[in-house]
Amino acid sequence: MPGGCRPGSAAAPRRRRNGAGSTRPTVRGAQVPDADKPGFQAIADSFGNGFWDLTAFTLQMAMVVLTGYVVATSPPVAKLINRLALIPSTARTAVSFVALMSMSVSFLNWGLSLIFGGLLARAIARRKDLTVDYRALGAAAFMGLGAVWALGLSSSAAQLQATAASLPPALLKITGILDFGTTIITWQSLLTLAILMALTTVIAHFSAPQGGSIRTAEDLGVDLDDEPSEPAPRSRPGEWLEYSKVLPILAGVLTLGWLISQFLTKPFLSVVSSLNGYLLVFLILGLVLHGTPRNFLQAVTKAVPATAEILVQFPLYAAMAAILTTATGNGGMTLSAHLAEFFSDIGGNGAFAVVIALYTALLGLLVPSGGGKWLVEAPYVMQAATDVNMNLGWTVQIYNIAEALPNLVNPFFMLPLLAVLRLRARDLVGFTFLQFIFHLPVVLLLVWLLGMTFDFVPPAIPK
């Protein structure tokens, strides 16, 4: 079989690393820097040395949220949302329509999806000819993040694995580079996305309250006035550039020219897998859609609070990843090596995909991360995947598919949406928990069955 054995094959070799007799533990042949230090000192040094390992990636993930928010709140998108709000003709259709649109936009940018879905729900709720349950609309707006966000182009795990400069050195030695052609843009991942979108839309449709059970925004005391505030008029000649439409147009033309050049001179997958290119396009798109630098900066100011969790969480995840992969204990092994062996042992005979999916979902309930905890899981999960000959790209997607499950029951990432909807988490959780009940068995079945369609490909370690 090309590339190695299928996961679970009896012929799949098990490779043990750093046995009890090891004096200098290694990660894929690289020396672990804190191997000879006492336990506590090794942990403390790993924490401090690794804390800023992901500075660039932290900024990049914050920009995913910020650019999505800025694009979603631009005047042209607001007009589009108002037109889309007129499409549904019944209450249930309105709820399922919001869910479908939220998930579709999430493929491009989950931050955009969260705000776009919330504004679409509010626009539908303002219609006088349609009586729709506002709670169900809000839960449907959350489905882009709650159901499929990590299967899209802004998946933090897939973006990290495709960006060599952002990968921690220890993880890079285990996984190599995995572009979108091995993760997001595989037929197995796209099929999973289609199935979960269809399932979510159907559940949203039939779970929407009808008749006397409907609670409208007015019933819930929610103000639906979304009239934008007018920017302050220009008062000094020096402010001309801030109110000029020339600079956004010029930036847009330059970015378009650069993007065309990228597609003409580089492989398609390398272009779409470029996180910096992705963020540049969305940032300039937001500038162009807002029309003037002043309006753009006002939108950025409103978006910044939504990035706070990422700016604080990701350095902590980087420090935890460093502890896992560099600090050693008894026997000269890192905790990452112990965990890799544990998952290798219990994940044989085709069970690896299910075990990792369940573990990811459970950990996500305890540590809401928006994908950042991949930095903690990846070193031992990807090493275990190599040990059992599971395709590494699909292992990333197993994480991505299961990562969304906790969002359906943990309200942490509902907060930006709740601010838009002006609701409380308890208003939505009943609907999202119902989605979780149906999603869990379907996700486990998909990661198991589709995992058997992959062959193992050794990691491509850059020189």
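Sequential numbering from 1 along the given sequence is applied to the chain's residues. Hydrogens, waters and symmetry mates are skipped; everything else that's a heavy atom, side chains included, is used.
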Straight-line distance of [X] [atom1] to [Y] [atom2], nearest 0.5 Å:
| X | Y | atom1 | atom2 | answer |
| --- | --- | --- | --- | --- |
| Ile398 | Leu358 | CD1 | CG | 11.0 Å |
| Leu256 | Leu285 | CG | CG | 11.0 Å |
| Leu259 | Ser274 | CG | OG | 10.0 Å |
| Ile284 | Thr255 | CD1 | OG1 | 4.0 Å |

Worksheet entry | side-chain contact (heavy atoms from CB on, under 4.5 Å) partners of Leu250, counting only residues at least two apart |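 If we apply the side-chain contact (heavy atoms from CB on, under 4.5 Å) test to Leu250, skipping adjacent residues, the hits are Leu254.
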Worksheet item: Taking only residues two or more places apart in sequence or in another chain, which ones pass side-chain contact (heavy atoms from CB on, under 4.5 Å) with Leu449?
Response: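 Leu449: side-chain contact (heavy atoms from CB on, under 4.5 Å) contacts with Leu445, Met452.
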In terms of side-chain heavy atoms, does [X] have a donor or acceptor partner in [Y] at a distance below 3.5 Å?
| X | Y | value |
| --- | --- | --- |
| Thr453 | Gln188 | yes |
| Asn400 | Gln397 | yes |
| Gln161 | Thr175 | yes |

Discussion item. Under the criterion side-chain contact (heavy atoms from CB on, under 4.5 Å), I'd like the reasoning laid out for Leu120 against Leu137: C-alpha separation, chi angles, the key distance, then a yes or no.
Written reply: CA-CA 9 Å; Leu120 179 59; Leu137 283 173; over 6 Å; no
Under 3.5 Å, is there a donor-acceptor pair between the side chain of [X] and the main chain of [Y]?
| X | Y | answer |
| --- | --- | --- |
| Ser155 | Ala150 | yes |
| Ser74 | His290 | no |
| Asp427 | Arg424 | yes |
| Ser154 | Trp110 | yes |
| Trp448 | Val443 | no |
| Thr73 | Tyr69 | yes |
| Thr360 | Ala357 | no |
| Thr432 | Leu408 | yes |
| Ser189 | Thr186 | no |
| Thr200 | Met197 | no |

Nearest heavy-atom neighbours spanning [X] and [Y]:
| X | Y | value |
| --- | --- | --- |
| Asn391 | Gly393 | OD1-N, 3.0 Å |
| Gly144 | Ser106 | O-OG, 2.8 Å |
| Leu421 | Ala121 | CD2-CB, 4.0 Å |
| Ile401 | Thr192 | CD1-CG2, 3.7 Å |

Would a 4.5 Å heavy-atom cut-off, applied to side chains only, mark [X] and [Y] as touching?
| X | Y | result |
| --- | --- | --- |
| Gln159 | Phe180 | yes |
| Asn109 | Phe116 | no |
| Tyr359 | Glu377 | yes |
| Ile249 | Val288 | no |
| Thr67 | Tyr278 | no |
| Val70 | Phe296 | yes |
| Thr292 | Ser244 | no |
| Trp394 | Thr183 | no |

